[in-house]
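Since the structure comes first, as structure tokens, the remarks are kept for the end.
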Amino acid sequence: MRYALAMKLDTFWAAGEAEREKVVKISLFCRKSNLYAYLKTRRDGIAKSSALLECLKKDLLNYVQGKKISFINYPLKMDNCSSFFIRIWTLTQEIPYGELRSYKWLSERAGTKGYRAVGAALARNPFPILVPCHRVIKKNGNLGGYSAGLKIKKKLLQVEGYLKKRE
DNA sequence: GTGTTTTCACACT
DNA sequence: AGTGTGAAAACAC
């Protein structure tokens with residue numbers, strides 16, 4: 001059975017999907033209409049919610065209010081993904097709350113010079129926030145990209161205290 | 001600043 | 001098996 005839950009997180013929206021006590025996917029949207037469109041496409045065969053998702057919702061709501069929540073203990077469904085992607089996502093999970101790392105740092109950690117391949121792996125991260133890819137930015141200090149839009153990346157960095165406000 | 005090269009995994013054909 | 005494309009980096013002007 002597959003479960004889904006949608007929620008408003010301060011300035012943006014999120015949907016979570018779970019399956020057998022594992023998180024399958026998190027989706028972030030900057031507009032409510034995008035969330036609705038997304039839910040519409042995957043309505044059939046999805047039950048309302050689950051204990052795991054309710055717990056996650058509570059944590060996420062606390063997180064966007066500035067509490068130092070760790071998502072490291074949430075079981076994530078990463079099988080059927082390439083081992084390279086899994087390695088990158090796992091290393092990303094090790095970045096502590098309140099710290100930034102560069103794509104280069106992640107590459108070296110993964111033992112590769114394929115900086116852009118690392119970016120591609122983060123671009124397809126199915127678990128934004130839980131796998132804190134927003135803490136990975138460019139070496140020169142620019143933000144790099146974000147799958148759900150830079151606006152949300154900025155917001156998350158703001159929540160964790162890197163950015164004062166603005167932009 | 002801009003332009004070019006290096007670098008790698010992945011999705012295409 | 002070959003080609004193009006990135007959420008990058010380094011180096012050259």
Side-chain angles (χ1 to χ4, degrees), chain A residues 2 6-19 22-39 41-42 56 59-60 63-64 66 68-72 74-167:
Chain A
R2 188 165 256 233
M7 68 199 95
K8 186 175 196 298
L9 292 177
D10 199 279
T11 56
F12 59 98
W13 285 264
E17 285 181 45
E19 207 178 271
K22 271 196 175 188
V23 181
V24 173
K25 188 178 174 184
I26 304 290
S27 312
L28 305 180
F29 308 92
C30 54
R31 291 206 305 272
K32 199 178 189 178
S33 55
N34 300 134
L35 167 66
Y36 283 161
Y38 170 80
L39 291 176
T41 63
R42 39 190 52 246
L56 179 60
D59 272 350
L60 285 172
Y63 171 79
V64 292
K68 282 195 185 180
I69 304 290
S70 166
F71 298 96
I72 198 75
Y74 279 93
L76 308 177
K77 189 174 189 303
M78 286 187 185
D79 29 316
N80 73 16
C81 296
S82 79
S83 60
F84 175 79
F85 278 23
I86 292 176
R87 190 156 83 247
I88 298 301
W89 298 336
T90 304
L91 289 170
T92 303
Q93 281 188 284
E94 293 172 10
I95 304 172
Y97 186 104
E99 294 188 28
L100 290 175
R101 296 290 185 273
S102 68
Y103 294 98
K104 184 187 183 183
W105 181 92
L106 256 187
S107 306
E108 284 172 351
R109 213 73 212 295
T112 175
K113 288 179 188 168
Y115 316 113
R116 306 192 67 164
V118 170
L122 294 182
R124 294 182 207 166
N125 167 23
F127 315 103
I129 302 183
L130 307 205
V131 172
C133 55
H134 57 279
R135 295 177 193 149
V136 185
I137 65 169
K138 298 222 300 184
K139 198 74 212 302
N140 67 6
N142 292 345
L143 283 189
Y146 201 67
S147 56
L150 270 178
K151 209 173 142 190
I152 295 183
K153 186 169 189 172
K154 285 175 186 164
K155 172 68 191 171
L156 296 176
L157 293 176
Q158 222 177 85
V159 163
E160 299 194 10
Y162 305 119
L163 303 178
K164 300 248 162 71
K165 234 189 176 176
R166 269 296 295 152
E167 291 195 284

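The chains referred to below are lettered A, B, ... by the order of the sequence lines, with proteins before strands, and numbering in each begins at 1.
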Would you say the side-chain atoms of [X] pair up with the backbone N or O of [Y], donor to acceptor, closer than 3.5 Å?
{"X": "A:Tyr162", "Y": "A:Gly98", "value": "yes"}
{"X": "A:Trp89", "Y": "A:Cys133", "value": "no"}
{"X": "A:Lys139", "Y": "A:Gly141", "value": "no"}
{"X": "A:Arg109", "Y": "A:Leu91", "value": "no"}

Side-chain touch [X]/[Y], heavy atoms, less than 4.5 angstrom:
{"X": "A:Thr92", "Y": "A:Val136", "result": "yes"}
{"X": "A:Arg101", "Y": "A:Pro96", "result": "yes"}
{"X": "A:Leu56", "Y": "A:Ile26", "result": "yes"}
{"X": "A:Lys151", "Y": "A:Thr11", "result": "no"}
{"X": "A:Pro132", "Y": "A:Tyr97", "result": "no"}
{"X": "A:Ile129", "Y": "A:Val64", "result": "no"}
{"X": "A:Leu76", "Y": "A:Gln93", "result": "yes"}
{"X": "A:Lys154", "Y": "A:Leu143", "result": "yes"}

Under 3.5 Å, which donor-acceptor pairs link side chains of residues 29-39 of chain A to any protein atom two or more places apart or in another chain?
from    : atom 1 : to      : atom 2 : distance (Å)
A:Tyr38 : OH     : A:Glu17 : OE2    : 2.5
A:Tyr38 : OH     : A:Ser27 : OG     : 3.3

First contact, last contact: which nucleotides of DNA chain B are these for chain A, 5' to 3', heavy-atom distance under 4.0 Å?
B:dT7 to B:dA11

Review item, nucleotides 9-13 of chain C N/O atoms under 3.5 Å of protein N/O:
from   : atom 1 : to       : atom 2 : distance (Å)
C:dA9  : OP1    : A:Lys104 : N      : 3.4
C:dA9  : OP1    : A:Lys139 : N      : 3.1
C:dA9  : OP2    : A:Lys139 : N      : 2.9
C:dA10 : OP1    : A:Lys104 : NZ     : 2.4

Using a heavy-atom cut-off of 4.0 Å across all strands, would you classify A:Ser107 as base, sugar-phosphate, or nothing?
nothing

How is A:Gly145 classified with respect to the nucleic acid when contacts are heavy atoms under 4.0 Å: base, sugar-phosphate, or nothing?
base

Would A:Glu108 and A:Tyr115 count as having a side-chain donor-acceptor pair, cut-off 3.5 Å?
no

Please confirm whether the ring centroid of A:Tyr63 lies under 6.0 Å from the ring centroid of A:Phe71.
yes

The correct list of stems in which DNA chain C takes part (3 or more consecutive Watson-Crick or G-U pairs, distances under 3.5 Å) is B:1-6 with C:8-13, B:8-13 with C:1-6

Of residues 84-97 of chain A, the positions that come close to DNA chain B - non-hydrogen atoms, cut-off under 4.0 Å
A:Phe84, A:Phe85

For DNA chain C, what residues of residues 119-136 of chain A have any heavy atom nearer than 4.0 Å?
A:Gly119, A:Leu122, A:Ala123, A:Cys133

Hey, which of these two, A:Lys113 or A:Ser82, hits DNA chain B nearer its 5' end, going by closest nucleotide?
A:Lys113

